[in-house]
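Sequence lines set the chain letters: A, B, ... in the order given, protein chains first and strands last, and positions in each chain run from 1. Below, all heavy atoms of this structure are taken into account, side chains as well, without hydrogens, waters or symmetry copies.
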Protein chains: 2
Amino acid sequence: MATKAKVKVGNPYHQHRERQRRRILDAAKEIFDERGIDRTTMAEIMAATGLRASTLYEYFSKKDDIVWAIFSDMIEEDSARAKIAVEGATTGLAKIMALLEHMADQLSNDSAKIRFMAQFDAMYARDWPVERLLTLEGQLNDIGFEGFKKLIREGIDDGSLRRGLDPDLTLHAVINAVIGAQRRLASLGTKVELEYGQSIDSLFKEMIRIVEFGLRAPAPSNKNGPAPRVKARKGSKGKRTL
Amino acid sequence: MATKAKVKVGNPYHQHRERQRRRILDAAKEIFDERGIDRTTMAEIMAATGLRASTLYEYFSKKDDIVWAIFSDMIEEDSARAKIAVEGATTGLAKIMALLEHMADQLSNDSAKIRFMAQFDAMYARDWPVERLLTLEGQLNDIGFEGFKKLIREGIDDGSLRRGLDPDLTLHAVINAVIGAQRRLASLGTKVELEYGQSIDSLFKEMIRIVEFGLRAPAPSNKNGPAPRVKARKGSKGKRTL
DNA sequence: AGTTAATTCGTATTTACAGTACGAAATCGA
DNA sequence: TCGATTTCGTACTGTAAATACGAATTAACT
C-alpha cells in the first residue's frame, strides 16, 4: 500500500485511476463468468489487464474486494433501470408485472450479470451486512416497499387483485421467488435448453404468467358479493423450525 | 461392530472404508455449511475427522471430489423421499402441489442440505454433465416427466387446471422457479427473516399458494364466490376431484 | 500365538496462489 | 525542466493443496 494519498476528485490522476479501476473490474467480471469466481486466480486477472501484481494490488487489496466492487456497481447500475421500468405502470399488479418483465429482460440481455449475482449470493451471502440483503428489492426504494404494499392493498380493494393477499407476505414471496428462478436459469444456462427443449426466456416468462394468474382476482365478471373475506393468514412469524 | 455380515472377499476392510468415508463426508458437510464450501480448507476437515492429510487423500483425491460425493449422496437420498411424497396424490395439480409441499418441508427441516445445493449449483453448475441437470426434477423419474405431463393434460381436460397451459412448459417453469426460490431462501436464511419480518417458511408457502392459484382453473361459473380457498395440505379431497 | 494385508501415521516435499515490499523506471501535468 | 503519481520488475512471505513413502498400527485369518 504505497501512497494512496489524497487524490482529489476530478484530478487528471484521479480520472486515470478511475479508468484503470474500470478496466480491472471489467476484465475480472468477464473471467469470473468464464471460470467461476472461486476458480479465478489473480494471475489471470493480471494477464487480462496486463498489469503486474504490485499494480493490481494498488487498486484492490484482495480478490474479495474486486468481487464486492463488481457487485456494488451492478446493484447501483440496476437500481436506476428497475425504477424506470416500473415507472409507467399505475396499479399494483401492473407495477409488479412491469418489474417482472424487467427481470425477464435482464435474463435475456444481461445473463452474465445474473450469473454473477447467483454466484455472489451463494458464496458471499453469509458475509453480508443485513442492509445489503435487499439487492434488487432494495432498489425499489424510490417506490419503496411501503408504496408497493399500498398499491397491493389498493389492488385488492378495487378488485384487480385476489382477496386474502397479505401485501407484506405476497410482495416478498413473489419477488424472492422470481429472483431465485431468474438466477437459477441464468446459472444453468444452456443446459436447461438442451435438456428441456425450452428456451430460458420462455420458461421464465411462463413463470411470470403463472404468478400473474396467481395474484389476479378470479373473475372480473363477479360483481361484488361479499365473497369470503379471507383473513390474510399472517405468516407464522418467528415460529419456524430451522 | 454390530453386523459382521457375510465375509466376502475384501469385505471387512471395505466396510471400514465405507464408515470412514461417511465420517469424512459428514464432517465436511457440516464445515461446508458453517464456513462455505470455498472457504473450507482441507486442514479443517482433517481436524474435524482427526485424520492426517495422507489418510484423507486416500479417500478423496481432491476437495472437489468431496463436494461431488456429498452432492451425489444428497440427490440419491432425496430421490426416494420425493417419490414417496408424491405417491398419494392422484391428479396432476395434486401431485404438483404434493411435490411443492415436500419442498417446503425440506426447506424447514433440512435447510442445510438446501444451502449446500445452492452453493453447489452456483459454483459447480458449469462443470455438470448435462445428465445431472435434472437433480430434483430427475428424481421424479418413477412418475416420470411424461407421466406428469399427462396428468397436467388430463387436468386441463377435466377443467381442474387452467386452459392454455402447455404441459411441458408449465411443468419445467414451475419446478425450476420453486427450486430457485427454495435455494435462495435457504441461502439467505435468517437474514430474510430479520429484514422482512416474515419467516422463511411462510414466504415459501405463500409462493406455493400463488403458484397453485396460478395453475388452477378459474372458479367454475357457479356463484359461490370466487376461488374457494383450498389448501393442498393433506389429501386435498372433495372439492377439486377431477 | 504369529503372519499377512489393509490402513493410518509422521513427516517431508512440491506446487500454486495470495498478497507484500520496495526501488527503479516510466508517465503525466505544470 | 520539476515533482507528483503510477507502473514495473523482482524478490519475498505465507498459506494451502496435493503427493510420496517408510514406519507404525490395526484387523483378519490361521
Notebook entry, point to check: Using a cut-off of less than 4.0 Å, is there contact between a side-chain N or O of B:Arg52 and OP1 or OP2 of C:dG10?
Noted result: yes
Margin query: Of the options C:dG19, D:dA17, C:dC9, whose atoms approach the side-chain atoms of A:Tyr57 most closely?
Written below: C:dG19
Notebook entry, point to check: More 5' along DNA chain C: A:Thr40 or A:Ser54, using each one's nearest nucleotide?
Noted result: A:Thr40
Margin query: For a quick check of understanding: with a heavy-atom distance under 4.0 Å over all strands, which category does B:Phe60 fall into, base, sugar-phosphate or nothing?
Written below: nothing
Check: Where does the angle between the aromatic ring planes of A:Trp68 and A:Phe71 fall among parallel (under 30°), tilted (30 to 60°) and perpendicular (over 60°)?
Finding: perpendicular
Notebook entry, point to check: Which pair of non-hydrogen atoms, one from B:Gln182 and one from B:Leu107, has the smallest distance, and what is that distance?
Noted result: O-CD1, 3.7 Å
Item checked: Whole-Å gap separating P (D:dT25) and CD (B:Glu58) -> 18 Å
Next item on the list: With the side chain of A:Arg17 defined as its heavy atoms from C-beta on, choose the nearest nucleotide among D:dT7, D:dT6, C:dA18.
Entry: D:dT6
Check: Closer to the 5' end of DNA chain D via nearest nucleotide, is it B:Ser61 or A:His16?
Finding: A:His16
Notebook entry, point to check: Is A:Asp201 close to A:Ser108 at the side-chain level, that is, under 4.5 Å between some pair of heavy atoms?
Noted result: yes
Checklist line | Contact under 4.0 Å: B:Tyr59 side-chain N or O vs C:dT7 OP1/OP2 | finding: no
Notebook entry, point to check: For A:Lys62 and D:dT15, what is the distance between atoms NZ and P respectively, to the nearest whole Å?
Noted result: 16 Å
Notebook entry, point to check: For the pair made of CZ in B:Arg39 and C1' in C:dC17, what is the distance, rounded to whole Å?
Noted result: 16 Å
Item checked: Gap between atoms CD and P, on B:Gln15 and C:dA6 respectively (whole Å) -> 16 Å
Checklist line | Nearest-angstrom distance from the residue atom CG of B:Leu51 to P of D:dA18 | finding: 16 Å
Check: Side chain of A:Arg183, backbone of B:Ala122: donor and acceptor closer than 3.5 Å?
Finding: no
Check: Within 45° of the six-membered ring axis of A:Tyr59 and under 6.0 Å from that ring's centre, is NZ or CZ of A:Arg19 located there?
Finding: no
Item checked: From D:dT7, C:dC9, D:dC8, nucleotide with atom closest to A:Gln20 side chain -> D:dT7
Notebook entry, point to check: Can you tell me how far P of D:dA18 sits from CD1 of B:Ile45, to the nearest Å?
Noted result: 10 Å
Check: When all nucleic acid strands are considered with a 4.0 Å heavy-atom cut-off, which category describes B:Thr41: base, sugar-phosphate, or nothing?
Finding: sugar-phosphate
Next item on the list: Measure from CG on A:Leu56 to C1' on D:dG9 and round the result to the nearest Å.
Entry: 15 Å
Item checked: Value in whole Å for how far the P atom of D:dA17 lies from NZ of B:Lys63 -> 6 Å
